[in-house]
Amino acid sequence: MYYDTEILKEKEKQEIEDREKAINKKLKKTQPFARVDNIEFKRVIMHVGGELVNCDKKKKYGARFVSADRRQMFYPDHFDVRDGHFEITTNLMCSKGEEPIETGDYYLVIFELYKDHKKEQNFKPTASKEIVKRTGTVFLMNYDSKGNVTDKKRLTEEYPAFISPKADGICNNDHANPWNFVVHKSGNNRFSCESRMDMDTAEFYFSVEYKPPAPALDWSELRAKKRAKKKEERTKWINAFTLWAFKKMFEVFSKRAKHKGDVILFASGSRAELGGNEEFIYKRMVERGLDKQFKFRFDFKASITAKRSLAKKIKFVYYLATSDIILIDDYYPEVYKVDYAKDVKFLQVWHACGAFKSLGFERLGKPGAPPFNTRVHKCYTHVPVSSLHSAKHHAEGFAISESKFYPVGIPRTDIFFDEEYKKKTREKMLNEFPACRTAKKVYLYAPTFRGDNAVNAYFPFDKFDLERWGEQLEREGSVLIVKLHPFVTRRVEIPEKYKDRILDATDYREVNDILFIIDVLITDYSSIIYETSLLKKPMLFFAFDKRHYEATRDFYEPYEELVPGKIVTDFDELLEAIEKEDYDFHKMDAFIKKNFTYTDGKSTDRVIDQLILDNKQEKK
């Protein structure tokens, strides 16, 4: 080690170790990369120097700074290479169109020069076309309306940069750090360019924040601003009136409600029809003849942003105000606006098992945390969960009493104990994916999406190589099913020669059905691990961005203590674990015991008996 580790903070020691590990991995594979030896700012001129390692001296290279999604890019003013060593300089105030660099995170990459490469700066991705990087190769991709690749053109090879472990400095946000350039002219006029290291890959990038001063407005712009402000004010009044009308209607309907205890409302703000746990509860109640004792009502909308007619809005408020038992299965903004009668039961039959990702008040201090005085979730009277461990997690996240949580089990998990259902579903899935019938093993890769929501969801396809994975599957005689999250609009690109080994299950909605034909699950941060554990299937956790996920999304408890399988952080480790059947399966029994109070297939009946019918039973 190149520093006196006794006086370094733990984080700083970790940074240097990560740099060294990343560089050694590249050296071992003889893969090209740039090693950064010095970073310096002289007034507004940025200087970066280092060495090109494992690069072909016969080829011509360029350098540029690129955001992870490739939507932002700038070129340095100078990139000089001599005897394998390079020097980069650029004017921070004049990088693109003679303007300061825009806010963003820009990774330094070295690339093989190609014709018209600077046009990529102004390229605008569309639904049918984008520029992407796949395992180091940059392509211009064309897609059809379903997100399938229809055509692609190779543009270049691109190589990452890493700060040398010997470099005299550490990445932090200290304004005095010579690796950072920070200028505050006023509260609304700021520019900073700070050296950073990717917390998972150790790749070098600059984090830029630019807040320009507000420009002087001309007469037309000033009028437009005033109109926008008036429109915003009108919207506030409309929203205020809508909330008042909602509450008033609820109050009027509530006074006329008889509340005899026999009216049940099944509602959802994220489904267009009955489904999930609500469907299991409803169907089981009908099977038991409880439809003669209760009157059922249904109100569904496809998403929380979906519009409804005035008549349907009034009907929904009437249902809320006059039902005796209300069931919802997800976040539903409208239901939190009013106070319910004391004898009304409100069940949140949450769609997920276990205690995995942080939620609600567990996210205080991070994006997505609720305000302290939120009404969200406060109306629940009964929440079925899979275990007391899960109860503590959700009680903290919802900021409601643990007494409202009942570890009776999750209704939809009953299918994992129904041998007839399992047999029928397995046969259905083998008909859906016939290549699995003769496969030595069937793997399911089901990662979660990246991004904040359905609008900007994506998946970083450059983290795995289906050519190499296909080769391994071919040698083994096995099959891989890839099931991306429904939010991801791009389809996985399967090599033609491995289409009998790698299957795209994007169009198949129920991922739980696929579990009945697989031998191994490969995932990252998906709650599918709970359902899979009930089938006692081995799991691998391909967590290539674990540190970033922990920093931005986080988990209820440390990831290493949470998951019931082996964690791998890069594609080479994944293929090696698959080949050696190294799953850390010994973690499985303890995981099931912690996350499931019951494993008997009777969760739906317990929800009905204990939470709806009030047949009391002491909590386990």
Side-chain angles (χ1 to χ4, degrees), residues 32 59-75 96 102 104-107 109-160 203 433 435 445-471 473 480-509 544-545 571:
K59 293 181 178 179
K60 292 184 177 181
Y61 295 97
R64 55 191 179 189
F65 294 84
V66 187
S67 64
D69 62 6
R70 305 194 73 82
R71 291 173 183 263
Q72 293 175 290
M73 177 186 298
F74 71 89
Y75 281 79
K96 185 179 176 183
E102 298 173 338
D105 293 336
Y106 298 88
Y107 288 75
V109 295
I110 306 301
F111 67 98
E112 297 176 8
L113 287 172
Y114 62 101
K115 186 179 179 181
D116 297 329
H117 59 84
K118 287 202 172 184
K119 287 184 178 179
E120 193 177 336
Q121 282 189 110
N122 301 311
F123 178 84
K124 301 295 182 186
T126 65
S128 61
K129 185 178 291 187
E130 68 177 345
I131 295 175
V132 301
K133 184 160 71 174
R134 298 284 185 266
T135 59
T137 304
V138 180
F139 293 99
L140 174 62
M141 295 281 206
N142 291 287
Y143 302 93
D144 63 18
S145 59
K146 291 186 176 180
N148 295 298
V149 176
T150 57
D151 180 54
K152 66 179 182 180
K153 177 185 177 183
R154 178 191 172 279
L155 298 179
T156 188
E157 298 296 315
E158 211 168 64
Y159 310 117
E203 293 176 29
F433 304 104
Y445 182 37
T448 193
F449 70 94
R450 303 312 192 264
D452 302 315
N453 48 51
V455 176
N456 60 16
Y458 70 98
F459 187 78
F461 292 103
D462 61 311
K463 297 299 182 180
F464 60 87
D465 184 346
L466 289 186
E467 285 280 352
R468 289 179 58 200
W469 207 339
E471 289 173 13
L473 292 165
L480 169 69
I481 299 173
V482 180
K483 179 75 172 77
L484 299 177
H485 193 280
F487 285 179
V488 179
T489 57
R490 299 298 191 214
R491 299 290 187 97
V492 63
E493 186 189 7
I494 300 172
E496 191 64 37
K497 60 183 175 181
Y498 296 123
K499 287 197 171 178
D500 60 336
R501 293 290 176 193
I502 304 174
L503 313 176
D504 182 4
T506 299
D507 291 329
Y508 196 83
R509 180 175 178 179
F544 50 78
D545 56 354
F571 188 62

Practice problem: For Asp545 and Lys463, run salt bridge (charged side-chain N to carboxylate O under 4.0 Å, His left out): C-alpha distance rounded to whole Å, both residues' side-chain angles, the deciding distance at 0.1 Å, then the answer. | Solution: CA-CA 10 Å; Asp545 56 354; Lys463 297 299 182 180; over 6 Å; no
Output the distance between atom [atom1] ([X]) and atom [atom2] ([Y]), rounded to the nearest 0.5 Å.
X: Tyr445; Y: Ile481; atom1: OH; atom2: CD1; result: 15.0 Å
X: Glu467; Y: Glu493; atom1: CD; atom2: CD; result: 9.0 Å
X: Thr137; Y: Asp462; atom1: OG1; atom2: CG; result: 10.5 Å
X: Glu157; Y: Ile110; atom1: CD; atom2: CD1; result: 14.0 Å
X: His485; Y: Thr448; atom1: NE2; atom2: OG1; result: 5.0 Å
X: Asp504; Y: Lys499; atom1: CG; atom2: NZ; result: 9.5 Å

Looking only at non-hydrogen atoms, find the nearest pair between [X] and [Y] and report the distance.
X: Leu503; Y: Ile494; result: C-CD1, 4.1 Å
X: Ala457; Y: Phe449; result: CB-CD1, 3.6 Å
X: Ala63; Y: Phe111; result: N-CE2, 3.5 Å
X: Arg501; Y: Leu473; result: O-CD1, 3.8 Å
X: Arg71; Y: Ser67; result: N-OG, 3.3 Å
X: Ala505; Y: Lys483; result: O-CD, 3.0 Å

Practice problem: Starting from the C-alpha separation in whole Å, work towards a yes-or-no answer on side chain to side chain contact (heavy atoms under 4.5 Å, CB included) for Glu130 and Tyr143. | Solution: CA-CA 9 Å; Glu130 68 177 345; Tyr143 302 93; 2.7 Å; yes
Output yes when a side-chain donor or acceptor of [X] lies under 3.5 Å from a complementary backbone atom of [Y], and no otherwise.
X: Lys497; Y: Gly470; answer: no
X: Thr150; Y: Asn142; answer: yes
X: Thr156; Y: Val138; answer: no
X: Arg491; Y: Lys146; answer: yes

Flag side-chain contact, heavy atom, 4.5 Å: [X] against [Y]:
X: Phe123; Y: Lys129; value: yes
X: Tyr498; Y: Trp469; value: no
X: Tyr458; Y: Arg490; value: no
X: Leu484; Y: Phe461; value: yes

Practice problem: For the pair Phe433 and Tyr508, name the ring-plane relationship: parallel under 30°, tilted 30 to 60°, perpendicular over 60°. | Solution: perpendicular
Quiz prompt | Phe571 and Phe464 aromatic ring geometry - parallel, tilted or perpendicular at 30°/60° bounds | solution = tilted
Practice problem: Return each pair, listed once, that meets side-chain hydrogen bond (donor to acceptor under 3.5 Å, both in side chains) where at least one residue sits in residues 118-127; pairs must be two or more places apart or across chains. | Solution: Arg64-Glu120, Arg70-Glu120, Tyr114-Glu120, Thr126-Ser128
Quiz item: So does Glu112 pair up with Arg154, basic N to acidic O under 4.0 Å?
Solution: yes
Quiz item: Could you walk me through whether Arg134 and Phe139 pass the side chain to side chain contact (heavy atoms under 4.5 Å, CB included) check?
Solution: CA-CA 8 Å; Arg134 298 284 185 266; Phe139 293 99; 4.0 Å; yes
